[in-house]
**Q** 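Here's a structure for you.
Residue numbers run from 1 in the order of the sequence given.
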Amino acid sequence: MATEIPVDHDSPPPPPGVERLWLGRVSEHATDALGHRHLLDAEESTRLDSLLRPGDRDAYAVAHVHLRRLLGERLGQQPGAVALEREPCVHCGGPHGRPVVRGGAVHFSLSHTKGMVLIALAPTAVGADVENVPGATTIADIASQLHPRETAELAALSEDDRALAFTRCWTRKESVLKATGVGLNEQLSLTYVGAGPQPTGDGDWSITDLPTDPGYAAAVAVRRAGID
């Protein structure tokens with residue numbers, strides 16, 4: 001039987017096409033996750049030990065321990081027994097692409113930022129992202145690299161409104177790019193997801209903004225039914 005998953009009552013309900021969402025505050029789960037680091041595989045353990053800042057270690061432990069718990073529950077396996085592997089890189093074919101469940105029984109995506117972790121499970125390709133709202137300098141540096149329509153939408157907003165709109169746009173975009181497997185290796189100007197109140201863009205992907213704590217934005221993207 002799989003290890004019991006600590007409940008997080010603030011996790012939003014999954015949108016259509018997504019089986020499970022888990023959104024958790026790192027501060028509430030770090031002690032438990034670090035106490036169960038034995039569930040991690042050798043690659044994950046090495047990565048955890050390489051992180052120098054306590055906040056980074058805590059976020060990584062929460063993300064990967066809870067991912068294994070969710071996958072173990074979904075697959076009917078012990079969390080530590082879930083076999084993960086890496087797909088070939090979509091750019092060079094090397095063995096360093098995104099991590100996947102061996103055999104492809106379920107798809108997953110995880111994201112962690114300072115203070116927050118988001119995990120999504122789905123029967124098809126899925127991407128999830130959670131981010132802190134950045135400062136004005138970061139927004140100014142990156143906004144011009146987005147799709148031209150997104151850049152224009154952000155420029156039309158006040159500075160106060162622009163910060164959340166930028167972060168919404170970024171999480172939407174990264175969730176789609178993670179779902180496709182290309183990640184941030186693709187130019188940010190190619191994929192349009194919109195910076196307005198509702199996601200828009202690629203018809204192959206269903207994008208949903210997720211409720212989260214003030215100072216954050218989160219989104220999940222899943223391939224629409226019937227799209228191969």
Side-chain angles (χ1 to χ4, degrees), residues 2-3 5 11 14-24 33 36-51 56 59-113 116-131 171-186 191 193 202 204-208 210 218-228:
T3 303
I5 301 168
S11 291
V18 177
E19 292 183 359
R20 184 76 183 270
L21 285 176
W22 192 89
L23 181 68
H36 288 84
R37 61 166 296 166
H38 60 277
L39 300 177
L40 304 178
D41 65 17
E43 179 181 342
E44 292 165 325
S45 294
T46 298
R47 174 60 177 157
L48 178 62
D49 290 337
S50 74
L51 298 172
D56 293 341
Y60 186 93
V62 171
H64 288 263
V65 167
H66 281 75
L67 172 65
R68 286 189 162 275
R69 286 169 161 166
L70 289 167
L71 291 175
E73 178 186 66
R74 169 64 171 75
L75 298 171
Q77 300 177 11
Q78 290 291 334
V82 175
L84 302 179
E85 59 187 11
R86 289 192 175 272
E87 290 184 332
C89 173
V90 297
H91 296 281
C92 70
H96 49 260
R98 64 181 171 185
V100 294
V101 174
R102 185 174 299 163
V106 64
H107 296 256
F108 71 85
S109 182
L110 69 79
S111 175
H112 54 86
T113 190
M116 196 73 69
V117 169
L118 174 62
I119 302 170
L121 305 186
T124 187
V126 64
D129 191 48
V130 60
E131 300 288 345
T171 59
R172 295 167 184 171
K173 190 180 296 282
E174 188 163 351
S175 67
V176 171
L177 297 180
K178 289 169 75 172
T180 63
V182 303
L184 295 179
N185 292 308
E186 179 180 290
T191 299
V193 295
D202 194 330
D204 290 352
W205 300 95
S206 176
I207 309 169
T208 303
L210 303 175
V220 61
V222 65
R223 189 180 295 278
R224 295 185 189 277
I227 302 294
D228 295 326

**Q** What I'd like to find out is whether the side chain of His66 reaches to under 4.5 Å of the side chain of Val117, using heavy atoms alone.
**A**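 They are not in contact (no side-chain heavy atoms under 4.5 Å apart), so the answer is no.
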
**Q** Counting C-beta onward and ignoring hydrogens, is there a side-chain heavy-atom pair between Asp204 and Arg224 closer than 4.5 Å?
**A**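 Not touching, per the 4.5 Å side-chain cut-off.
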
**Q** Working to the nearest 0.5 angstrom, can you tell me the gap between His112 NE2 and Ile119 CD1?
**A**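 Reported to 0.5 Å precision, the distance equals 9.5 Å.
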
**Q** Nearest 0.5 Å, what's the CD-CG distance between Gln78 and Leu39?
**A**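 The distance works out to 8.5 Å.
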
**Q** Roughly how far, to the nearest 0.5 Å, is the CZ atom of Arg98 from the CD atom of Glu87?
**A**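 Those atoms lie 4.5 Å apart.
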
**Q** About how many Å separate OG1 of Thr180 and CZ of Arg223, when rounded to the nearest 0.5 Å?
**A**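 So the CZ of Arg223 and the OG1 of Thr180 are separated by 8.5 Å.
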
**Q** Do the ring planes of His36 and His38 sit parallel (below 30°), tilted (30 to 60°) or perpendicular (above 60°)?
**A**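 Ring orientation of His36 relative to His38: tilted.
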
**Q** More than 12 non-hydrogen atoms from neighbouring residues, nucleotides or ligands closer than 6.0 Å to CZ on Arg47, yes or no?
**A**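 No, the 6.0 Å shell around CZ holds no more than 12 heavy atoms from other groups.
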
**Q** Of all residues at least two apart in sequence or in a different chain, which pass the side chain to side chain contact (heavy atoms under 4.5 Å, CB included) check with Pro15?
**A**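 Applying side chain to side chain contact (heavy atoms under 4.5 Å, CB included) to Pro15 gives Val18, Leu21, Thr208, Val220.
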
**Q** Going through the checks in order, is the side chain to side chain contact (heavy atoms under 4.5 Å, CB included) test met by Leu118 and Leu210?
**A** CA-CA 10 Å; Leu118 174 62; Leu210 303 175; 3.9 Å; yes

**Q** Specify the closest pair of heavy atoms between Ser109 and Ala128, including all atoms of both residues, with the distance to one decimal.
**A**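 Shortest heavy-atom separation between Ser109 and Ala128 comes out as OG-N, 2.9 Å.
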
**Q** Report the residues that fulfil side chain to side chain contact (heavy atoms under 4.5 Å, CB included) with Arg37, sequence neighbours left out, ordered by chain and then residue number.
**A**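 Applying side chain to side chain contact (heavy atoms under 4.5 Å, CB included) to Arg37 gives Leu40, Ser45, Leu48, Asp49.
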
**Q** Closest heavy-atom contact between Ala179 and Ala125?
**A**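 For Ala179 versus Ala125, the nearest heavy atoms are O-CB, 3.7 Å.
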
**Q** Quick one, Leu110 with Trp22, criterion side chain to side chain contact (heavy atoms under 4.5 Å, CB included). Give me CA distance, side-chain angles, the key distance, then yes/no.
**A** CA-CA 9 Å; Leu110 69 79; Trp22 192 89; over 6 Å; no

**Q** Using side-chain hydrogen bond (donor to acceptor under 3.5 Å, both in side chains) as the criterion, list what pairs up with Glu19, not counting sequence neighbours.
**A**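 Counting only residues at least two positions away or on another chain, Glu19 forms a side-chain hydrogen bond (donor to acceptor under 3.5 Å, both in side chains) with Arg74.
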
**Q** Determine whether Ile207 and Val193 make a side-chain contact, defined as any pair of heavy atoms from C-beta on separated by less than 4.5 Å.
**A**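 Side chain of Ile207 against side chain of Val193, heavy atoms only: contact under 4.5 Å found.
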
**Q** What residues, two or more places apart in sequence or in another chain, satisfy salt bridge (charged side-chain N to carboxylate O under 4.0 Å, His left out) together with Glu44?
**A**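 Only Arg68 meet the salt bridge (charged side-chain N to carboxylate O under 4.0 Å, His left out) criterion with Glu44.
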
**Q** Would you please name every residue forming a side chain to side chain contact (heavy atoms under 4.5 Å, CB included) with Val101, sequence neighbours left out?
**A**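 Partners of Val101 under the side chain to side chain contact (heavy atoms under 4.5 Å, CB included) test: Leu71, Leu75, Leu84, Val106, Phe108.
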
**Q** Do Ser111 and Asp129 have a side chain donor and acceptor closer than 3.5 Å?
**A**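 Yes, because at least one side-chain N or O of Ser111 sits under 3.5 Å from a partner of the opposite role on Asp129.
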
**Q** Any idea which heavy atoms bring Lys178 and Gly127 closest together, and the distance?
**A**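 In this case the closest contact between Lys178 and Gly127 is CB-CA, 4.2 Å.
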
**Q** What residues form a side chain to side chain contact (heavy atoms under 4.5 Å, CB included) with His107, not counting sequence neighbours?
**A**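 In terms of side chain to side chain contact (heavy atoms under 4.5 Å, CB included), with neighbours along the sequence ignored, His107 is linked to Val126.
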
